[in-house]
Student: 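One structure follows; several queries about it will come next.
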Amino acid sequence: MPGNLSFERLKELVKNGEVDTVIAALPDMQGRLMGKRFHAVHFVESAWEETHCCNYLLATDLEMHTVEGYAATSWQSGYGDYVMQPDMTTLRLVPWLEGTAMVLCDVLDHHTHEEIPHSPRAVLKKQIARLKELGFEAMTATELEFFIFEKSFDEVRKSGFSDLEPISGYNEDYHILQTTKEESVMRPLRNHLYAAGIPIENSKGEAEAGQEELNIRYGAALDCADDHTVAKHAAKEIGWQQGRAVSFLPKWHHDRVGSSSHVHQSLWKDGSNAFYDPDADLSMSELMRNYMAGLIKYAPEYTYFLAPYINSYKRFQKGTFAPTKTVWSVDNRTAGFRLCGDGTKAIRVECRIGGSDLNPYLAVAAQLAAGIKGIEEKMELASQTSGDVYEAQKADEIPQTLRAAMVTLDKSDMLRAAFGDAVVDHYVRAAEWEQEEFDRVVTDYEIARGFERA
Ligand code: ADP
């Protein structure tokens, strides 16, 4: 159910006054929604065809700095416009906001009307098209984990981020009693998203105080990334309506479990799962084995797209369910790649490396590119690693820091061939900037550790 609103139906709702506002938004490099709110009458009359935005929106950071060093745009080039072109298949109601609908936009060059290659939706569409050439459709699901805090975003900010008390007092993994106390946020989240055309499967408590997981039914990769983006936005907005901060920071405290975004993947042909072969070992088709071999081989090269900030790397710790090793294993939550649904038509691979801060378009695109390479080169899958993978001696590690992930991304011939040099260079610059800013800033940790004792 991608979107849930036809243009004709929107026009009726606008005419009878039920919708007065249409949000037109693009997913930015950080996976956030950026755009404008239209008066609905103006939207249905003209803006539905295209609107515009400053092109720094795909060259900025979380704090909206005008970051220097991007080839795509700069002060030098005058920070001109991009065209935002609504993808009308994503048109949906936003049931948690009064009288509001939303549409996601593609980002085009102002003059040529070509898609901007580093726009996250374009990056993913390119890999989906490559798979289509091979005769396959990618079906994916990205889990969303996050923390709900007692206070609102504004209260937390005003306390200098010191007043961080999760909404619950203990580990609530699968805990019905504790999660009942969080229903003021979670019930409207599930129901409003469902009504907005997002096929919610369930929510559940996770393995830390105040931590929830939201699961959306798998679907075509672009719908999956769109759904993830809208759902993450809704979680923050509905949390805000209830006076609670909902945070997707992967590691808000070093002693607490982190939040991830596991990515489930399968390739389909003619309406059925092409990873399933009932006669093969573990029912894994040769295609699946090749795809997984690529996924595993190139994991260090695309780790940046699963962990794009300094904080992302604080999550990768032994014994926390966040993986550190690039191996696969059957239904084993200590491995980077977990085989799920073996012996059934639901067979799929779950990549467990990604943090809750990943951009789903880029994360899925990078993994599809790695899998495609595995298929093209008929790569052989190594045997699985069993037991506690944290202790596996021979297994390769993912990069341990943003700096290391940035270097492997920069050197990735696979991603350069799949995405294009300009796109890889663009995201290497994004990584560099995050590192430069962190290197420049003096942290609370350094002050507390050294102020007197150094
Ligand atoms: P977990 O134990 O990791 O929470 P779940 O059974 O909840 O696993 O499934 C996680 C996700 O996997 C769900 O979003 C589901 O829709 C998705 N999924 C199920 N089958 C497939 C498939 N064939 N391809 C991709 N994702 C799938």
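The first residue of the sequence shown is numbered 1, and numbering continues consecutively from there. Every number for a ligand or one of its atoms is a count from 1 in the order of the listing.
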Student: Closest non-hydrogen protein atom to atom 17 (C) of ligand 1, residue and atom name please, with distance?
Tutor: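 The answer is A141 CB, 3.7 Å.
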
Student: Distance under 4.0 Å to a non-hydrogen atom of N273: what atoms of ligand 1 satisfy this?
Tutor: 23 (N)

Student: With a 3.5 Å distance limit and no angle check, can you tell me whether K251 reaches the backbone of R256 through a side-chain donor-acceptor pair?
Tutor: yes

Student: Which residue holds the protein heavy atom closest to atom 26 (N) of ligand 1, what is that atom called, and what is the gap in Å?
Tutor: Y218 CB, 3.3 Å

Student: Evaluate N215 for polar contact with ligand 1, using N/O atom pairs at a separation under 3.5 Å.
Tutor: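 No - when backbone and side-chain N and O of N215 are compared with those of ligand 1, no distance drops under 3.5 Å.
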
Student: Minimum distance, heavy atoms only, to atom 2 (O) of ligand 1: which one of R333, E350, K345 is it?
Tutor: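 When every heavy atom of R333, E350, K345 is considered, R333 comes closest to atom 2 (O) of ligand 1.
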
Student: Can you sort out the partners of T21 under side chain to side chain donor-acceptor pair (under 3.5 Å), two or more places apart, ordered by chain and number?
Tutor: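 Partners of T21 by the side chain to side chain donor-acceptor pair (under 3.5 Å) criterion come out as none, since no residue qualifies.
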
Student: Can you check whether Q265 has an N/O within less than 3.5 Å of an N/O in ligand 1?
Tutor: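 No, no N or O pair falls under 3.5 Å.
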
Student: E8 vs K11, test: salt bridge (charged side-chain N to carboxylate O under 4.0 Å, His left out). Steps then yes/no.
Tutor: CA-CA 5 Å; E8 286 316 306; K11 285 184 201 160; 3.3 Å; yes

Student: Which atoms from ligand 1 have a heavy atom of M139 less than 4.0 Å away?
Tutor: 24 (N), 25 (C)

Student: Does a salt bridge link E182 with R187, judged by any charged N lying under 4.0 Å from a carboxylate O?
Tutor: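 Salt bridge: no.
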
Student: Is it true that K325 and E397 have a side-chain N and a carboxylate O under 4.0 angstrom from each other?
Tutor: yes

Student: N/O to N/O below 3.5 Å, does that happen between T140 and ligand 1?
Tutor: no

Student: Could you tell me which atoms of ligand 1, counted from 1 in the order shown, lie closer than 4.0 angstrom to a heavy atom of R217?
Tutor: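 Counting atoms of ligand 1 from 1, those under 4.0 Å from R217 are 16 (O).
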
Student: So that I know where these two stand, are F7 and W48 an aromatic pair - ring centroids less than 6.0 Å apart?
Tutor: yes

Student: So that I can tick it off, tell me whether R190 and E183 are bridged by a salt bridge, with the cut-off set at under 4.0 angstrom between side-chain N and carboxylate O.
Tutor: yes

Student: Taking distance alone, with no angle check, do E143 and ligand 1 share an N/O pair under 3.5 Å?
Tutor: yes

Student: Run the salt-bridge test on R338 and D331 with the 4.0 Å N-O cut-off and return the result as yes or no.
Tutor: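 Salt bridge: yes.
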
Student: Look only at interatomic distance and state if I216 has a nitrogen or oxygen under 3.5 Å from any nitrogen or oxygen of ligand 1.
Tutor: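 By distance alone, the answer is yes.
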
Student: Just need the protein heavy atom nearest to atom 13 (C) of ligand 1, so name the residue and atom and give the distance.
Tutor: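 For atom 13 (C) of ligand 1, the nearest protein heavy atom comes out as E201 OE1, 3.3 Å.
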
Student: Please write down residue, atom name and distance for the protein heavy atom closest to atom 9 (O) of ligand 1.
Tutor: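 Protein heavy atom with the smallest distance to atom 9 (O) of ligand 1: R348 NH2, 3.3 Å.
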
Student: Parallel, tilted or perpendicular: which fits the ring planes of F149 and W252, with parallel below 30° and perpendicular above 60°?
Tutor: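 Perpendicular.
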
Student: May I ask you to check whether Y427 and F419 place their ring centres under 6.0 Å from each other?
Tutor: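 Judged by ring-centre distance (under 6.0 Å), F419 and Y427 do not meet the cut-off.
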
Student: How far is atom 23 (N) of ligand 1 from its nearest protein heavy atom, and which residue and atom name does that atom have?
Tutor: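 I find the closest protein heavy atom is S266 OG, 3.2 Å.
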
Student: Run the contact test for R338 against ligand 1 with a 4.0 Å cut-off on heavy atoms, strictly below, and give the result.
Tutor: yes

